[in-house]
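Here's the structure we're looking at; comments come further down.
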Amino acid sequence: MQTDKTLDRNVAGRTAGRGLTEPAPVRWGLTIVALLFLGLFLFVPLASVFAQALEKGWGAYLEAIREPDALSSVRLTLIAAAVSVPLNLLFGVAAAWGIAKFDFPGKSILITLIDLPFSVSPVISGLIYVLMFGLQGWLGPWLDSHNIKIIFAVPGIILATIFVTFPFVARELIPLMQAQGKEEEEAALVLGANGLQTFLRVTLPNIRWGILYGVILCNARAMGEFGAVSVVSGHIRGATNTIPLHVEILYNEYNYVAAFAVASLLALLALVTLAAKSLVEWRMRGEPM
Amino acid sequence: MSTSKKWFTLAAALALTVTATVPSHASDVTLLNVSYDPTRELYQEFNASFAKYWKKKSGDDITVKQSHGGSGKQARAVIDGLEADVVTLALAYDIDEIHSKAKLIPENWQKRLPHNSSPYTSTIVFLVRKGNPKGIRDWSDLVKPGVQVITPNPKTSGGARWNYLAAWAYALKQKGGSEASAKEFVTRLFKNVPVLDSGARGSTTTFVQRGIGDVLLAWENEAFLAVNELGKDKFEIVVPSLSILAEPPVTVVDKVVDRHGTRKVAEEYLKYLYTPEGQELAARHYYRPIDKKVAARYAKTFTKVKLITIDEVFGGWQKAQKTHFADAGVFDQIYAPSK
């Protein structure tokens, strides 16, 4: 149900431009309000991140980023993203394919479950892992006796990241694949293609830009996640701090230049994400769907 | 497909390069010290000093990793499996919990090192804005209407529990003071608290950086640090007529050091806190040293103040915790978040 609505909105958004009849002052007024709002809540804070980071010059900026604990946080963030994004990509495509192209009982339950990480507070999702894998948790004693570390170590951080970024790819693909329908796949099957061939040659090319779009969003969230990761991290400097956690630590140590320097890495990531997203959107529009 | 494939390859390659080029610390031994909020600067310097000492003594390289946060929260993390070789927390109760909830240390842990295993002490002071515009001199000034008091949450922060108990003890020691009058005093005090952060450092940031509140109840060392880091022209320290002797204790975590094979070095690490070098570093970071000679050198820094102890007024941490900070304890009865 919900997916149909999203789709309607998308279609409405794309066709709205044609029937524009509002007088020019209204249009300009609305545009200026929107720009002012953007400027105040987006550009000013963004600029201030870089201004603070460069307050003591490029030397201090580079030093803050090259510091071993900062590099370790960058490395951990990249590892977490490098593991969680491909996994969520696989899962997202599989789930979207199943949901959009087939009918089966429990489908709506599956859709709801995919949305779960969006509706659960990240702190709670972190605590779930503590309750499961913590020393006092369900699996804790067993893990401990086998000397397997999950929380307060890299695996816990990866798990938490996977959980919070779970819906991004699937959520992006489901409406797209539902809109495309299953006629092309049916045609392929009738012409003698097997399931895998159909998927690789018909389904996948149709959704490639949607996949990339989902991956970009998924990656941005994976690198920026704070709450869930904070709960399972243990905050060990140089070992289990991701970039956002490291920023908080530096800030709490009155080390504002370094905090904003490292934060600027995340801001840069956001800008790159934005650019990539626009590019993909532009390509998606250009492609015959 | 080919374009997106290239993208993925590029991203993967990038991730790998960064992973491969960041050098990992080459060292023989690693210790993890799980500590509370305000000790960041102390242990940063102390760890470097200990590494030098240990290298000279044993020839081994040692890296001490740090984790900081609210004392109660940190204890909880160790109970849940954060593998601390040593814990250096804000109060004995939090370390007691590591014994009672997870059995990682023996019950008599506090007897293992001198001075209740507390190599340095501290107390609670007030940090006010320059010129002391609200004229805050003592605890009684904190309950006046219109005074905003910043303190962290006693449920999660060790410092906050010391704050709370110091205020309670002050009210108790007034003429005609009783349990009832103390409860009433602390209730009024918390009516003036607009926000409770989870740890001491969060509260300091709220006060100095976000500019909220008229007075911060802080560890003495935290107050000194804020004044020195963020400008003597912005804040000043007020020492009340009476405060509490805070003993932040330390211990090795037996189960962890035995598994890591780090017991010897972990014990040495804590003993080093008691040496003149360690005491000097503690004093330099505004912790009151227990070594008489070092204390004498820093006598000027630390204002003499009447200090009560938790044992004489509250009958020890176990009792204080049960009465005041447990669920449905006194703190839960008196504190209602200001709307």
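Letters go in sequence order (proteins before strands), and every chain restarts at 1. Just so you know, these numbers use all the heavy atoms, side chains as well, and skip hydrogens, waters and symmetry mates.
- Of all the listed residues (A/N241, A/V130, A/I151, A/D144), the one sharing the greatest number of non-hydrogen pairs under 4.5 Å with chain B is A/D144.
- When A/F133, A/F152, A/Y251 are compared by the number of non-hydrogen pairs under 4.5 Å with chain B, A/F152 comes out ahead.
- Taking the six-membered ring for Trp and thresholds of 30 and 60 degrees, B/Y36 and B/W219 have ring planes inclined between 30 and 60 degrees apart.
- With a threshold of 4.5 angstrom between heavy atoms, A/I249 approaches chain B through its backbone and through its side chain.
- Side-chain N or O atoms of A/S48 include one that pairs as donor or acceptor with a backbone N or O of A/P45 at under 3.5 Å.
- The contact between B/I79 and chain A is made by backbone and side chain atoms together, counting heavy-atom distances below 4.5 Å.
- For the pair B/R284 and B/F46, the cation-pi test (distance below 6.0 Å, angle within 45°) is failed.
- Looking only at atom types and distance, the side chain of A/Y256 has no donor-acceptor partner in the side chain of A/E55 under 3.5 Å away.
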